Amino acid sequence: MRDSTSTMERPALAMAVAMLVLASVCGGFPGASCTKVSYDDRALLIDGERRIILSGSIHYPRSTPEMWPDLIQKAKDGGLNTIETYVFWNGHEPRPREYNFEGNYDIMRFFSEVQKAGMYAILRIGPYVCAEWNYGGLPAWLRKIPGMQFRLHNEPFEREMETFTKLIVNMMKDANMFADQGGPIILAQIENEYGNIQGSLPDQESATKYIHWCAEMANNQNVSVPWIMCQQSNDLPPNVLETCNGFYCHDFKPKGNMPKMWTENWTGWFKSWDKPDYHRPAEDVAYAVAMFFQNRGSVQNYYMYHGGTNFGRTSGGPYITTSYDYDAPLDEYGNISQPKYGHLKQLHALLTSMEKHLVYGQQNETSFDDKVKATKYTLDDGSSACFISNSHDNKDVNVTFEGSVYQVPAWSVSVLPDCKTVAYNTAKVKTQTSVMVKKESAVSQGLKWFWLPELLEPFRTERTGSLRSNELLEQIVTGADESDYLWYKTSLTSGAAEEFTLYVNTTGHELYAFVNGKLAGYQHSANGPYLFQFQAPAKLKAGKNYISLLSATVGLKNYGASFELMPAGIVGGPVKLVRADGSAIDLSHNTWTYKTGLYGESIQIHLDRPDLEWTFPRTVPVNRPFSWYKAIFHTPAGEAAVVVDLAGMNKGVVYVNGHNLGRYWTSYIAGDMDGCHRCDYRGEYKTWANEEKCLTGCHEIGQRFYHVPRSFLNAGGLNTIVLFEEAGGDPAKVNFRTVAVGPVCVDAEKGDAITLSCARGGTISSIDVASFGLAKGGQCGAYKGGCESKAAMEALSAACVGKESCTVSYTDDFVSSGCEGSGVLTAQATC
Ligand code: GAL
């Protein structure tokens, strides 16, 4: 009897002891729990339990360590349970075996912030990442290694990729970051969207070998969490899970026994200098998410949840802006972007409440037509959760489902957590719209500008560069991308003074030509082919003449088959001096000397060394190419995000207190696109095929405002801004602004709680509109008219003015105030 009891008790006891041991060892943190991650065809299993994963991308180098806790907390408050990031190889290893894990590259600090917030993490190592990041994240110095072929089966590439992957994996392991060590990481990714370009690569056998090698190498790291590959369905190696990327992934069907996972739900789109701003309506993002979970999806990540800023020289492209706002739920500066953030937050809360039904329930579908269906997930206890979707572009439908009639607007999904009541419809946005405004700060007043010319001398006269060749060399390989700038210089002797036209065939992205030290012309390539023929008048003198060409890149290509081989700079030329009669002097095989970078870069002008003698002229030179400017400014008061307005400048780089904020190109005006003139959330959202919609900013400066993170500023103290103006601008117009919520607007129906809110710090100063039947069209902030509800106006004014936020119920009184008909009340307030 005793014996049998003890055998019964033994396993439980052993387990308790084992758990104790685990708990104490796990992550080295007492109480931290070691989590086992596995999967089946329905979901990821976390400690044996199927879970839904609601994740958001936040790329750590696109913000600052000081911003991370707030961004992560906002993601958590927005209803996410996971943070995803790529790893940025060329940021971490700028030169071979020279590593950078400091500041915004402190990846371990980022992951520990995720852990502290109690969230899971997805580690997308790549290390090719695309991401609109310079060279897709691959270090340009790789190109100097003999035999190197990117993303194909060859020893040099595989060796370097493995070295870096191991380094990251081991750093994570050493810090106990994987789930089974008590850490947050539940999934890891190797490569990125290889399947999208695999078929276009020059060597198919090598491509297949490579992607299989990637999977094997990754699995050899023993990270104890599943490895994923996105967009790899055509040639999926064993032991990795495939995932989908796109604006919609509800139709994606992974092959084999794996859950339906969506690694990139694009919340908006990236921006280029020549393009207006992309906006993906909140209704459409919510529709895509609801469709995904309705159709058995269980792992979903927003790309991006916070887009942020391409600081320094990190933007890819060419021609991707410094802002990587992405129209994400958190804007470039980390502010909540409404209504997108709030509309999705409501959906997340419902999906989370339905979690058990979604991953354990039995699924039943009822189709009403090919685009309208109801899906019911039922658990063994009989409880159920439902979705009703209508994918018609412009047809609202009435659906009779289980005895009730539901009106489902076109391109929307209704969520019924109990299969009876519609708790949410993706097309009905109940969250306020907040319009962010940039207010000029007092610190902009009376800025005094210092000036220094870029020292062009060494590159346009006698002195030789660091390299000589009788060829016109490609820029990426020659300069290893240490700078945007590469000088090409040659000389020739002329018997007499003579006039020519200088022609340079170049693969871009920009070219400045100097003849005997004088600027002869400037041109940049169009965003697209990047090839152009430069042309400028050139006057030679009798005797020795110098031709100096300064080629500049604006972010290296990050996408496409063999993207790395797209050359930059003057590759082979020809470079010719052509006479009026057509006869020419071909300089292509002259002796060219080369020099990477600017003089100002070499002496690190941006660090504002005390020994540098800036001039403080009475009139600061304007529209003078190759100028450095400097000014001292106070830190704007408060906590609101700070931006610098560079509207008067042209093209260059901006630094604050030694931090490179990125390239600016304020002379670039965004073109006109049809998408600026139409916006209907209904129907597929696209950023190609001339089917763009909901764009803003046509004919405006591509990017006018540049983020100055608060942590770059000296609180209450003085700061230095340094500009390198390459093409000629006017610093007198530069000013600083703070970003805050301006007008807010909300639509409500009877029974709704109307919530208005100014973000942290701001208060509602007035209720401007509380009306029915408002003719919209203009922007929130410009609403007027309709039939005013006096009762609503009074109730909102009483509850809201002077408050940071307020909630008022939409009661019968609001309607009985003389406005009949429309039940939708629009309120507009000013923060
Ligand atoms: C995907 C890629 C991402 C990003 C995105 C567009 O194809 O995987 O890294 O580039 O497109 O923003």
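Read the numbers this way: they start at 1 and go in the same order the structure lists the ligands and their atoms. Owing to the predicted nature of the structure, the values given are computational and were not obtained by experimental measurement.
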Atom indices of ligand 1 within 4.0 angstrom of [X] heavy atoms, with elements:
X: Val129; value: 9 (O)
X: Trp269; value: 6 (C)
X: Tyr86; value: 2 (C), 3 (C), 8 (O), 9 (O)

Which pair of heavy atoms, one from Ala328 and one from Gly307, lies closest together, and at what distance?
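Nearest heavy atoms, Ala328 then Gly307: CB-N, 4.0 Å.
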With distance as the sole criterion, is a donor-acceptor pair present between the side chains of Glu216 and Asn220 under 3.5 Å?
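No, because no side-chain N or O of Glu216 sits under 3.5 Å from a partner of the opposite role on Asn220.
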Regarding Asp331 and Ser337, do their side chains bring together a donor and an acceptor under 3.5 Å, going by distance alone?
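On atom types as modelled, these side chains do not qualify, holding no pair under 3.5 Å.
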SG to SG, are Cys244 and Cys230 under 2.5 angstrom apart?
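Answer is no, sulfur atoms not closer than 2.5 Å.
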Proximity of Glu264 to ligand 1 by residue part, where a heavy atom lies under 4.0 Å:
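Glu264 to ligand 1: side-chain contact only, backbone stays beyond 4.0 Å.
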Structural part of Tyr559 in contact with ligand 1, heavy atom criterion under 4.0 angstrom:
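It is neither; nothing of Tyr559 touches ligand 1.
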Would you check if the distance from the ring center of Trp269 to the ring center of Phe247 is below 6.0 Å?
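So the answer is yes for these two rings.
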Close aromatic pair by centroid cut-off 6.0 Å: Phe311 and His659
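No, ring centres 6.0 Å or more apart.
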Are any of the N/O atoms on [X], whether in the backbone or the side chain, positioned under 3.5 angstrom from an N/O atom of ligand 1?
X: Glu193; answer: yes
X: Cys130; answer: no
X: Arg124; answer: no
X: Tyr326; answer: yes

Taking only non-hydrogen atoms of Trp133, do any sit less than 4.0 angstrom from ligand 1?
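Heavy atoms of Trp133 never come under 4.0 Å of ligand 1.
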Would Lys74 count as a cation-pi partner of Tyr341, with NZ or CZ less than 6.0 Å from the six-membered ring centre and within 45° of the ring normal?
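Judged by the rule (NZ or CZ under 6.0 Å from the ring centre, within 45° of its axis), Lys74 is not positioned above Tyr341.
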Could you identify the single nearest non-hydrogen protein atom to atom 10 (O) of ligand 1 and state the distance to 0.1 Å?
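Ranked first by proximity to atom 10 (O) of ligand 1 is Glu132 OE2, 2.6 Å.
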For Asn257, is the CG atom crowded, meaning more than 12 foreign heavy atoms sit under 6.0 Å from it?
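Atom CG in Asn257 is crowded, with more than 12 foreign heavy atoms closer than 6.0 Å.
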